[in-house]
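Have a look at the structure below, then the notes.
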Number of protein chains: 2
Amino acid sequence: MGRQSTEMLKGVLEGIVLTLLSSRPAYGYEITARLRDQGFTDLAEGTVYALLIRIEQRGLVHVEKVASEKGPPRKVFTLNAHGREYLTEFWRTWSFLTERLDQLREEGA
Amino acid sequence: MGRQSTEMLKGVLEGIVLTLLSSRPAYGYEITARLRDQGFTDLAEGTVYALLIRIEQRGLVHVEKVASEKGPPRKVFTLNAHGREYLTEFWRTWSFLTERLDQLREEGA
DNA sequence: ACCTGGTACACAGTAACGCTAGGTACCGCC
DNA sequence: GGCGGTACCTAGCGTTACTGTGTACCAGGT
């Protein structure tokens, strides 16, 4: 979707993935596929894996290796307490942003 | 507001400033002040100036020097046709993002 | 036996952007 | 003279998403 969406995704994609994980555990390949189905068609695989490594290093998720029927073992990510806190914070920031932008949009019209 | 809002602002701040300019011309110092009033209290001055230079180089605005009663002359930015197109594109991308996130938020609940 | 395609993960390099932390300059007022 | 407000600019940094590539495992077709 071009330059704009790439930049807008920064910071937001992390919240999106954490939200996905809050509903149920998942692994990288699966997350990528789900997001592409949901409209993020141009999302790069490497982006998701890099993001998952980051949230793991920050201690927002629990990680478990699970054998797969096809292909190499999956790294299944589960949101932990710290991750849930972080996610709450994310939604608060997101709400702030949307409120500001909604207001601006009306005034600008 | 911390790390999250900094990352989330990427790409969005540009749209915010362009929207401000769409309602009426403005200069850097003024834009910074207005945004701070509107809740972006931690917004760095340098960030706005850098952004203004970028949108000028991309040809989204018209620039004019105007003498000020106090301090150095102001660089007044006016949105041009190209900028308005770009802004339309911005709102389209923004709408896409908010729709996805609203959907996710409901499903996650 | 070979090869394609799907599954699954990882990494080095690049570009973009907001922030930090400074600096310059002009003015009015005490 | 010094201070605070106005107004602009810049170099360097950290974070993040994308590109491109590589590894590895398995099933199916020819």
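Here is the naming used below: chain letters follow the sequence lines, and residue numbers restart at 1 for every chain. Atoms considered below: every heavy atom in the structure, side chains included; atoms not considered: hydrogens, waters and symmetry mates.
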Q. Does Arg36(B) reach the main-chain N or O of Leu43(B) with its side chain, forming a donor-acceptor pair under 3.5 Å?
A. yes

Q: Nearest whole angstrom, please: distance from the C1' of dC11(C) to the CG of Leu52(A).
A: 15 Å

Q) Given dT7(C), dC26(C), dC9(C), which nucleotide is nearest the side-chain atoms of Pro72(B)? A) dC26(C)

Q.
Expressed as a whole number of angstroms, how long is the span from Arg36(A):CZ to dG6(C):P?
A. 13 Å

Q | Test: Glu30(A) and Arg74(A) ion pair at under 4.0 Å | A | no

**Q.** Glu45(B) CD to dT24(C) P, straight-line distance once rounded to whole Å
**A.** 16 Å

Q: Could you tell me the separation between the NZ atom of Lys65(B) and the P atom of dA25(C), rounded to a whole number of Å?
A: 13 Å

Q | Atom-pair distance (CD on Gln4(A); P on dA17(D)), nearest Å | A | 17 Å

Q | side-chain N/O Tyr29(A) vs dC9(C) OP1/OP2, d < 4.0 Å | A | no

Q.
Tell me whether the side-chain N/O atoms of Ser68(B) come closer than 4.0 Å to OP1 or OP2 in dT6(D).
A. no

Q) Just wondering, do Leu60(B) and Glu85(B) contact through their side chains at under 4.5 Å, heavy atoms? A) no

Q: Mark yes or no for whether Tyr27(A), through its side chain, and Pro73(A), through its backbone, hold a donor-acceptor pair below 3.5 Å.
A: no

Q) Testing Glu106(A), Arg100(A), Arg105(A) for side-chain hydrogen bond (donor to acceptor under 3.5 Å, both in side chains) with Gln103(A), which one passes? A) Arg100(A)

**Q.** Interatomic distance, Arg74(B) CZ vs dC9(D) C1' [rounded to whole Å]
**A.** 17 Å

Q | Lys/Arg N to Asp/Glu carboxylate O, Arg3(B) vs Glu89(A), below 4.0 Å | A | no

Q. How close or far is atom P of dT15(D) from atom CD1 of Ile55(A), stated in whole angstroms?
A. 16 Å

Between protein and nucleotides 15-19 of chain C, what N or O pairs are separated by less than 3.5 Å?
residue	atom	partner	partner atom	Å
dA16(C)	O3'	Glu7(A)	OE2	3.4
dA16(C)	N3	Lys10(A)	NZ	3.2
dC17(C)	OP1	Arg3(A)	NH1	2.6
dC17(C)	OP1	Arg58(B)	NH2	3.3
dC17(C)	OP2	Arg58(B)	NH2	3.1
dC17(C)	O2	Lys10(B)	NZ	3.0
dG18(C)	OP1	Leu9(B)	O	3.4
dG18(C)	OP1	Gly11(B)	N	3.0
dG18(C)	OP2	Arg54(B)	NH2	2.5
dC19(C)	OP2	Thr47(B)	OG1	2.7

(Q) Using whole Å, what does the distance between atom C1' of nucleotide dT6(D) and atom CD of Glu69(B) come to? (A) 10 Å

Q) Between Lys75(B) and dC9(D), is there a side-chain N or O to OP1/OP2 distance below 4.0 Å? A) yes

Q. Taking only side-chain nitrogens and oxygens of Tyr27(A), does any of them come within less than 4.0 Å of OP1 or OP2 of dC9(C)?
A. no

Q: Would you indicate, yes or no, if dC8(D) has its OP1 or OP2 atom less than 4.0 angstrom from a side-chain nitrogen or oxygen of Tyr49(B)?
A: yes

Q: Not counting sequence neighbours, list each pair that qualifies as a ring-ring contact (aromatic ring centres under 6.0 Å, His included) and has a residue in residues 66-90 of chain B.
A: none

Q) With a non-hydrogen cut-off below 4.0 angstrom, is Glu30(A) in contact with a base, only sugar-phosphate, or nothing? A) nothing

